[in-house]
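It should be emphasised that the depicted structure is a prediction, and the values quoted were computed from it without experimental measurement.
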Amino acid sequence: MMMDANDRPATDSCHLGARPGGTDPVSPVIHSEGGTIPGEDGPAFVLQRANPAPIPVILAVPHAGRSYPAGVLAAMRQPAQAARRLEDRLVDLVAQAVARHTGAALLVARAPRAMIDLNRAPDDLDREMIVPDPAMADFPPLPRGPMAARRAHSGLGLVPRRLVGLGEIWRQRTPAAEIQARIAQIHLPYHQALADALADLAARWGAALLIDLHSMPPLPRRDSAEAPPTYVLGDRFGAACAGGVMGTAFAHLASCGARAAHNRPYAGGYGLERQARREAGIHAMQVEIDRSAYLDAALAEPGEGLADVVETMTGMVRALAADVAAMGQAAQRWPRAAE
């Protein structure tokens with residue numbers, strides 16, 4: 001089922017998890033792999049997309065990776081605890097189901113966040129955790145500004161260094177050449193693949209939307225009268241995504257009875273900064289989902305709420321796809337969408 005700019009699904013219902021008749025998109029799905037995980041030689045990420053693209057949306061899951069080279073695990077002080085804490089635990093299961101139901105393109109990282117954080121800039125590095133190499137005088141680069149420097153020094157830069165409650169992640173500093181290899185083989189190809197996929201969607205539809213999907217630990221309750229949000233939507237305070245698109249997302253979540261917050265405490269990271277180009281019709285939002293909404297009580301395995309989260313996200317993606325397709329039509333940048 002191809003949706004063109006005039007084929008807008010209803011957006012007033014939370015229950016949009018299945019297409020009429022229970023069928024999934026019929027466009028052929030192309031799977032491709034890219035990048036390389038140093039020390040493992042497996043692909044750093046997997047990209048799947050239908051051809052032709054039935055909707056102008058791609059879901060990206062940068063913190064889904066669970067492919068740990070043996071050397072990385074051996075270098076960690078508490079690998080089981082640190083790895084679990086750093087992962088957006090199993091949120092790729094949500095993304096895979098939503099992509100299957102909607103036809104959205106899907107980019108899933110295999111390389112773990114412990115090795116390199118794909119939602120950080122390449123120069124967002126804590127220089128104190130790197131063993132310098134005289135042959136690499138220009139590496140690591142200086143952080144671009146005080147914000148990046150503070151974030152890296154806090155322990156959650158391009159290569160995470162420490163976690164609250166666990167302390168230092170690594171037994172010793174990491175050689176500069178090893179970090180540079182992770183940037184060249186994981187970070188750069190991942191973001192290039194994402195940029196290319198968004199450009200292809202925009203060429204077909206006239207506009208495109210990146211949904212950068214993450215999960216968060218349950219947020220603390222501010223007061224006894226108000227429960228914390230289950231979803232946090234970030235648009236870098238309007239810089240990354242059109243206000244109307246964000247409004248549609250919040251309206252859909254409200255129709256589902258889901259609690260949602262805007263930009264606080266998560267406004268969006270490097271994924272949005274790197275990929276959003278509103279002037280070219282490419283928009284991006286970050287979506288954080290409370291892990292307790294789709295995992296079990298231990299926040300370790302799929303829980304009873306997984307199906308509900310998939311249904312909520314499926315409806316939201318369809319509503320947003322309709323908005324973005326209409327934006328492309330209005331801008332008269334959608335000649336290929338009707339082919």
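The closest side-chain heavy-atom distance from T248 to M316 is not below 4.5 Å. Using a 4.5 Å heavy-atom cutoff, the side chains of C241 and L209 are in contact. Contact of the H262 side chain with the M246 side chain is registered, since non-hydrogen atoms from C-beta on lie closer than 4.5 Å. Within the 4.5 Å cutoff, the side chain of L194 has heavy atoms near those of the L210 side chain. Using a 4.5 Å heavy-atom threshold, the side chains of V91 and V61 count as touching. No side-chain heavy atom of T102 sits under 4.5 Å from any side-chain heavy atom of P54. You'll find the side chain of I58 reaches within 4.5 Å of the side chain of L47, heavy atoms only.
Between R161 and E168, at least one side-chain N (NZ, or NE/NH1/NH2) sits under 4.0 Å from a carboxylate O, which counts as a salt bridge. Salt-bridge formation is detected for the pair E40/R110: a Lys NZ or Arg NE/NH1/NH2 atom is positioned less than 4.0 Å from an Asp or Glu carboxylate oxygen. Using a 4.0 Å cut-off between a side-chain N of Lys or Arg and a carboxylate O of Asp or Glu, E301 and R89 qualify as a salt bridge. Checked for salt-bridge contact, R259 and D290 miss the test: no charged N lies under 4.0 Å from a carboxylate O.
For R236 (side chain) and A267 (main-chain N/O), no donor-acceptor pair under 3.5 Å exists by modelled atom type. Panel note: side chain Q275, backbone H191; a donor-acceptor pair is recorded below 3.5 Å. Using a distance-only test at 3.5 Å, with no hydrogens or angles considered, a donor-acceptor pair links the side chain of W205 to the main chain of A53. Checking side-chain atoms of R171 against main-chain N and O of A74 turns up a donor-acceptor pair under 3.5 Å. For the pair Q286 (side chain) and G269 (backbone), a donor-acceptor distance under 3.5 Å is present. Without hydrogens or angle criteria, H252 side chain to G247 main chain gives no donor-acceptor distance under 3.5 Å.
D235 CG to L233 CG: the interatomic distance, rounded to the nearest 0.5 Å, is 8.5 Å. Here the straight-line distance linking atom CG of L295 with atom CG of L306 works out to 8.0 Å at 0.5 Å rounding.
More than 12 heavy atoms of other shown residues, nucleotides or ligands fall within 6.0 angstrom of atom CZ in R66. Within 6.0 Å of CZ in R173 there are more than 12 heavy atoms belonging to other residues, nucleotides or ligands.
Remark: aromatic rings of H214 and Y266 are distant, center separation not under 6.0 Å. A distance below 6.0 Å separates the ring centres of Y270 and H187.
At a cut-off of 3.5 Å, with distance as the only test, no side-chain donor of E178 or Q180 sits close to an acceptor on the other residue.
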